[in-house]
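As a basis for the values below, the full set of heavy atoms in this structure was taken, side chains included, without hydrogen atoms, waters or symmetry mates. Count residues from 1 along the sequence.
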Amino acid sequence: MEEAEKYCEHLNGGKFKTTKIKVCEECVKIGGKWIHLRLCQTCGTVLCCNSSQNQHAQKHFETTGHPVVTSILPKPWSKFAWCYKDKLKRPLN
């Protein structure tokens with residue numbers, strides 16, 4: 001966490017958004033499947049992670065430049081924020 005504060009201004013922006021959406025919005029459009037979900041902290045879009053076949057969250061970053069996503073996972077210990085621009089992770093409590 002200290003490393004993220006030191007090297008990534010995007011992960012130190014304050015409170016992170018949450019969502020009740022539990023589907024990859026782009027996979028739903030094409031009938032795709034996802035493994036884990038990410039919430040874009042800039043626009044609130046929910047997309048699939050890089051372990052998923054379509055990697056929509058990564059593509060969203062490359063298209064929009066929105067740098068930070070948070071994990072949407074059922075376990076509190078597995079929640080984190082990820083900055084695509086700086087390639088740094090920050091655990092969330």
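Here the OG1 atom belonging to Thr18 is positioned 7.5 Å from the NZ atom belonging to Lys15, to the nearest 0.5 angstrom. A distance of 14.0 Å separates OH of Tyr84 from NE2 of His10, quoted to the nearest 0.5 Å. Summarising the geometry, atom SG belonging to Cys27 is positioned 10.5 Å from atom CD belonging to Gln55; distances are rounded to the nearest 0.5 Å. Cys83 SG to Asn12 CG: the interatomic distance, rounded to the nearest 0.5 Å, is 10.0 Å.
Below 30°, between 30° and 60°, or above 60°: for His66 and His60 the angle between ring planes is above 60°, a perpendicular geometry.
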Which side-chain N or O atoms in residues 28-47 pair as donor and acceptor under 3.5 Å with protein atoms at least two apart or in another chain?
| unit_1 | atom_1 | unit_2 | atom_2 | d |
| --- | --- | --- | --- | --- |
| Lys29 | NZ | Glu26 | OE2 | 3.0 |
| Gln41 | OE1 | Lys17 | N | 2.6 |
| Gln41 | NE2 | Lys17 | O | 3.3 |
| Gln41 | NE2 | Thr70 | OG1 | 2.9 |

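When hydrophobic clusters are built by joining Ile, Leu, Val, Met, Phe, Trp and Tyr residues whose side-chain heavy atoms come closer than 4.5 Å, directly or via intermediates, Phe80 is not grouped with Ile72. One hydrophobic cluster holds both Leu92 and Leu88 under the rule that ILVMFWY side chains link at heavy-atom gaps under 4.5 Å.
A side-chain N or O of Gln58 and one of Asn50 form a donor-acceptor pair less than 3.5 Å apart.
The main-chain N or O of Ala81 is never found under 3.5 Å from a side-chain atom of Arg90 such that the two would form a donor-acceptor pair. With Ser52 contributing its side chain and Cys48 its backbone, the two residues share no donor-acceptor pair below 3.5 Å.
Within 6.0 Å of CD on Glu62 lie more than 12 heavy atoms contributed by other residues, nucleotides or ligands. Around atom NZ of Lys85, no more than 12 heavy atoms belonging to other residues, nucleotides or ligands sit under 6.0 Å away.
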**Request:** Could you check Val68 against Trp82 for side chain to side chain contact (heavy atoms under 4.5 Å, CB included), going step by step and ending with a plain yes or no?
**Result:** CA-CA 6 Å; Val68 176; Trp82 171 257; over 6 Å; no
